[in-house]
Protein chains: 2
Amino acid sequence: MTHRVFLVDDHAMVRAGVRAELGDAVDVVGEAADVPTAIEGIRATRPDVVLLDVHLPGGDGRAVLEALRGELPDVRWLALSVSDAAEDVIAVIRAGARGYVTKTISGPDLLDALRRVADGDVVFSPRLAGFVLDAFSAGPAAPAPAEEVTDPGLDLLSAREREVMQLLARGYTYREIGSRLFISVKTVESHASNVLRKLQLSNRNELTRWAATNRLL
Amino acid sequence: MTHRVFLVDDHAMVRAGVRAELGDAVDVVGEAADVPTAIEGIRATRPDVVLLDVHLPGGDGRAVLEALRGELPDVRWLALSVSDAAEDVIAVIRAGARGYVTKTISGPDLLDALRRVADGDVVFSPRLAGFVLDAFSAGPAAPAPAEEVTDPGLDLLSAREREVMQLLARGYTYREIGSRLFISVKTVESHASNVLRKLQLSNRNELTRWAATNRLL
DNA sequence: GAGACCATCAGGGAAACCCCCGAACCGACC
DNA sequence: GGTCGGTTCGGGGGTTTCCCTGATGGTCTC
């Protein structure tokens with residue numbers, strides 16, 4: 001069964017990219033580039049999931065969500081954004097989105113996330129899960145508890161990968177990590193590559209920042 | 001005039017390295033590898049400055065300082081550590097040390113730091129100065145005000161260097177920083193190199209970590 | 001036993017990083 | 001007028017990062 005998806009993003013290229021990546025795996029029932037068009041289109045098509053860009057001209061994507069969540073309780077919302085700032089994530093989650101992924105996500109992963117959200121799961125990019133959970137445990141303002149939280153981030157990594165991740169975040173070079181763990185530089189490269197891919201990070205600086213903000217150092 | 005210095009560090013190699021680096025520029029009147037030996041030696045030799053490792057077996061280096069500061073008020077203390085954790089720094093400064101440098105410091109810089117401390121100045125590694133000042137401005141528990149604070153860290157950097165530093169810490173590549181600031185990649189390289197040297201960091205990962213722990217992002 | 005995952009390592013290559021040197025221009029300061 | 005520091009670049013070169021393909025062997029599960 002293909003889920004019915006509505007796209008909201010002000011960049012036509014992004015919408016085209018999402019369409020191309022998703023292919024026939026889902027049914028894209030409509031698109032919108034701004035808040036009014038999105039509200040109208042979603043109201044008309046009643047999709048299973050709305051893939052919602054957080055930053056839109058003429059109001060946040062959150063405005064769309066808040067305008068319709070009462071009216072269309074069966075619609076699930078997955079936030080899509082370039083931003084990984086905690087405030088953006090938490091704001092849209094509090095508004096009612098069932099997930100939040102960044103635009104660095106791969107096509108297959110996006111498809112998987114859409115399906116999970118449509119099925120009622122809660123989905124985050126691995127690197128975001130940490131402070132989303134922090135925010136929920138700290139501030140008791142969240143209404144709906146998550147049935148299932150996928151991608152707890154660290155749990156994606158094997159024990160060895162976690163080990164390498166820590167040393168990467170602490171600034172050690174591949175060579176230093178290798179001699180510290182008594183493995184070759186090439187093995188460290190493998191683990192590092194896996195870590196970055198699994199956490200959807202593109203280089204070790206993002207890893208360092210991620211680890212620092214999540215107090216994993 | 002050569003200052004009389006006492007070394008406290010549990011690693012013989014570190015003590016040997018300090019001796020070698022300092023050469024005849026100072027008079028090393030004694031060494032110790034643990035707390036009791038240090039207390040005894042310092043009491044016997046009454047040096048101008050004690051170069052004190054923060055982490056010692058059988059008690060912190062702070063124990064040495066607290067045991068002797070009342071008895072020997074003329075002795076100046078310079079903390080030497082591998083740690084740049086805020087709590088370590090602040091604890092030993094509050095205990096009465098007149099400075100704190102990490103073991104990444106160069107020989108000439110260490111000599112300079114020792115002389116400054118012996119002369120009554122307060123000396124920090126540039127990257128530590130930030131949160132030391134923060135701690136003092138936040139918690140008013142510090143007894144002795146510093147006559148002169150050298151190396152205020154961020155203040156070491158020019159305006160342009162601070163700008164580049166921020167973007168570096170945020171993970172932008174040299175190329176991206178260049179196009180964002182409308183300067184060439186080579187100029188970015190120059191600024192980056194200056195930033196790392198001035199903050200005594202060896203690569204941009206350490207910079208990212210430093211900026212993250214100091215909330216400069 | 002086949003498949004899936006993990007850990008280990010290799011070769012190769014593009015890009016980025018970091019440093020060395022030198023140079024030019026400019027403004028401030030003595 | 002000279003010196004100093006900041007900002008702007010260039011050449012050159014070694015190191016590091018990151019990805020690609022591919023290979024081996026171990027464990028675990030179905």
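To find a chain, count down the sequence lines: A is the first, B the second, and so on, and within it residues start at 1.
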Give a yes or no answer on whether the side chain of A/T45 reaches the backbone of A/G41 with a donor-acceptor pair at less than 3.5 Å.
-> yes
Using atom types as modelled and distance alone, determine if a side-chain donor or acceptor of A/E176 lies under 3.5 Å from a backbone N or O of A/Y172.
-> no
Starting at atom [atom1] of [X], determine the distance to atom [atom2] of [N], rounded to an integer number of angstrom.
X: B/E161; N: D/dT7; atom1: CD; atom2: P; result: 6 Å
X: B/L201; N: C/dC19; atom1: CG; atom2: P; result: 10 Å
X: A/R204; N: D/dT16; atom1: CZ; atom2: P; result: 11 Å
X: B/R175; N: D/dT17; atom1: CZ; atom2: C1'; result: 15 Å
X: B/K198; N: C/dC18; atom1: NZ; atom2: P; result: 17 Å
X: A/Y174; N: C/dA16; atom1: OH; atom2: P; result: 15 Å
X: A/N205; N: D/dT17; atom1: CG; atom2: P; result: 10 Å
X: B/K186; N: C/dG22; atom1: NZ; atom2: P; result: 15 Å

Could one point to a donor on the side chain of A/E189 or the base of D/dC19 with an acceptor on the other under 3.5 Å away?
-> yes
Considering just the side-chain nitrogens and oxygens of [X], establish if one lies under 4.0 Å of OP1 or OP2 belonging to [N].
X: A/S193; N: D/dC19; answer: yes
X: A/H191; N: C/dC6; answer: no
X: A/T187; N: C/dC9; answer: yes
X: A/R197; N: D/dC18; answer: no
X: B/R160; N: D/dG6; answer: no
X: A/S184; N: C/dT8; answer: no

Heavy atoms, side chains only, cut-off 4.5 Å: are A/R160 and A/L181 in contact?
->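 Yes, close enough: below the 4.5 Å cut-off.
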When you get a sec, tell me which of C/dT8, C/dG12, C/dC18 is the closest nucleotide to the side chain of A/S190?
-> C/dT8
Which one, D/dG12, D/dT8, C/dC9, comes nearest to the side chain of B/I183?
->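 So the side chain of B/I183 is nearest to D/dT8.
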Within 6.0 angstrom of A/R175 CZ, more than 12 heavy atoms from elsewhere | no
Classify the side-chain pair A/R170/A/Q166 by whether it contains a donor and acceptor separated by less than 3.5 Å.
-> yes
Would you indicate what A/N203 reaches in the nucleic acid, counting non-hydrogen atoms under 4.0 angstrom: base, sugar-phosphate, or nothing?
->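 Counting heavy atoms under 4.0 Å across all strands, the contact made by A/N203 is with sugar-phosphate only.
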